[in-house]
Amino acid sequence: MQISATLLLELGVILTVLTVLGTAARRFALSPIPLYLAAGLALGEGGIAPIPSATQFVSTGASIGVVLLLLTLGLDFSIGEFASSLRRHLPSAWVDLLLNAAPGAIAGWLLGLNGVGILALAGVTYISSSGVIARLLSDLRRLGNRETPAVLSILVLEDFAMAAYLPLLAVLAAGGTWLAALLGMAIAVAALTLAFVASYRWGHHVGRIVAHPDNEQMLLRILGLTLIVAALAEFVHASAAVGAFLVGLTLTGESARRARMVLSPLRDLFAAIFFLAIGVSVNPADLVPMLPAALLLAVVTAGTKVLTGQFAARRDGVARPGQLRAGTALIARGEFSLVIIGLVGTSFEDVGAVATPYVFILAMVGPVLARFTGTGGIPVPAR
């Protein structure tokens, strides 16, 4: 097998740059996410130092990164407790939808978009980034905080909503009929609901399947199972992130502890690649034309996400500092919004023109605002 020296060199430079940026961020007790995003912007198409040989690796690594982030996040919670939290936060999900989809829909109407364009922009402003927020909660040591179950409930319920939304948007954006779109939506929702019920009722068997005294075997078993479940979720137009999260929820006790141990280095590597990939996917020139409109929309929807988080955390009896932490944790947008932009493509250039800088602003500003809101986090309790 021939080894590409250019690929190795580019990957070496990428990892070195991420190391320097991560060290600098942690020196000031900040999350490195905004710096990784900025690095991706510099290394992508139109940036100052493109990485043509490593682009495919970065794209593939990003998909693995978001799966690992949500898998390890699920390891810190139990399926029973989380199912109870989801039921409690159904009203929060409706508040989230109303507060955060409406600004995008109004902006689309003001831009003169048709119904599909308005639907697309509403989705961009509605959905938070599971990947960014999962890493952010870990960086800020907030996984054990009282407000965190409310934040995670909102994220998972948003991903459930995406299971219905993405097939609908994909068919309509391609010129399909409403009947075909509604059929695809129904199939995706049914499949995701079935997966959640199966995980809730029979998930305890997963621990026995992946358990093994050898760390290598346990790593391969967990990762193989997770990627298969994530792929099945994507196949029905649901979220790979939700599939990975469900696998993490099913592992408890010693299985969860050992899974965290063997997965942590791999997660950290591919999570950094995931954040880099968001920046690489954006051409800096695309951020400029609609930057004022995107900035205004970002300000409005950052505020509506804070209100959403406050409402959800208040339902769990969390005090005001925790409510603010929950709200600012939800601000970041990312991978789902970029998927929506990709679905509508060149047919709705106005959507991409305003949505691309909007996503990038909140992906960078969200972690910074979360860092300086409220008090610090607390260690995660053992399961």
Side-chain angles (χ1 to χ4, degrees), residues 66 69-101 126-138 140 142-165 189 192-193 195-197 199-200 203 233 238-252 256 304-336 366 370 373-374 377-378 380-381 383:
V66 72
L69 280 168
L70 271 295
L71 168 63
T72 53
L73 186 64
L75 291 171
D76 291 312
F77 301 89
S78 73
I79 186 71
E81 292 170 346
F82 198 73
S84 175
S85 180
L86 282 182
R87 288 193 295 268
R88 186 164 60 252
H89 284 291
L90 285 175
S92 304
W94 287 110
V95 170
D96 183 26
L97 178 64
L98 293 173
L99 286 180
N100 295 290
Y126 163 64
I127 185 72
S128 297
S129 170
S130 300
V132 173
I133 295 168
R135 175 59 184 269
L136 184 62
L137 293 173
S138 177
L140 299 179
R142 293 181 181 175
L143 290 176
N145 282 20
R146 284 199 62 199
E147 74 275 3
T148 298
V151 172
L152 297 182
S153 296
I154 291 293
L155 291 179
V156 172
L157 288 167
E158 284 184 352
D159 288 353
F160 266 87
M162 283 293 108
Y165 171 85
V189 171
L192 195 56
T193 302
F196 190 86
V197 171
S199 179
Y200 181 77
S239 166
V242 169
F245 186 69
L246 288 176
V247 173
L249 286 175
T250 60
L251 298 176
T252 58
T304 54
K305 277 293 181 184
V306 170
L307 292 175
T308 300
Q310 288 180 308
F311 179 85
R314 192 181 303 120
R315 290 184 63 82
D316 281 349
V318 177
R320 184 170 294 275
Q323 294 174 23
L324 288 174
R325 287 195 299 268
T328 53
L330 289 168
I331 287 174
R333 271 62 161 191
E335 68 278 9
F336 275 119
T373 301
I378 59 178
V380 179
R383 290 172 62 184

**Asked** Are the side chains of Asp96 and Leu157 in touch, meaning some heavy atoms are under 4.5 Å apart?
**Response** no

Measure the [atom1]-[atom2] distance between [X] and [Y] for me, rounded to the nearest 0.5 Å.
X: Leu249; Y: Leu70; atom1: CG; atom2: CG; result: 10.0 Å
X: Tyr126; Y: Leu97; atom1: OH; atom2: CG; result: 5.5 Å
X: Leu140; Y: Thr148; atom1: CG; atom2: OG1; result: 10.0 Å
X: Arg333; Y: Ile127; atom1: CZ; atom2: CD1; result: 9.0 Å
X: Thr250; Y: Phe245; atom1: OG1; atom2: CZ; result: 11.0 Å
X: Ile133; Y: Leu152; atom1: CD1; atom2: CG; result: 9.0 Å

Please check this pair: side chain of [X] against backbone of [Y], looking for a donor-acceptor N/O pair closer than 3.5 Å.
X: Glu158; Y: Ser128; result: yes
X: Gln323; Y: Val318; result: yes
X: Arg146; Y: Asp316; result: yes
X: Arg315; Y: Ser92; result: no

At their closest point, which heavy atom of [X] faces which heavy atom of [Y], and how far apart are they?
X: Ser130; Y: Phe336; value: OG-CE1, 4.2 Å
X: Leu137; Y: Ala329; value: CD2-CB, 4.5 Å
X: Arg135; Y: Leu69; value: CB-CD2, 3.8 Å
X: Ser129; Y: Gly334; value: CB-N, 3.4 Å
X: Leu136; Y: Ala370; value: CD2-CB, 3.6 Å
X: Arg142; Y: Thr373; value: NH2-O, 3.1 Å

**Asked** Is there a side-chain contact (heavy atoms from CB on, under 4.5 Å) between Leu143 and Leu73 once you walk through the steps?
**Response** CA-CA 8 Å; Leu143 290 176; Leu73 186 64; 3.3 Å; yes

**Message:** Tell me which one of Leu99, Asn100, Thr328 satisfies side chain to side chain contact (heavy atoms under 4.5 Å, CB included) with Lys305.
**Reply:** Asn100

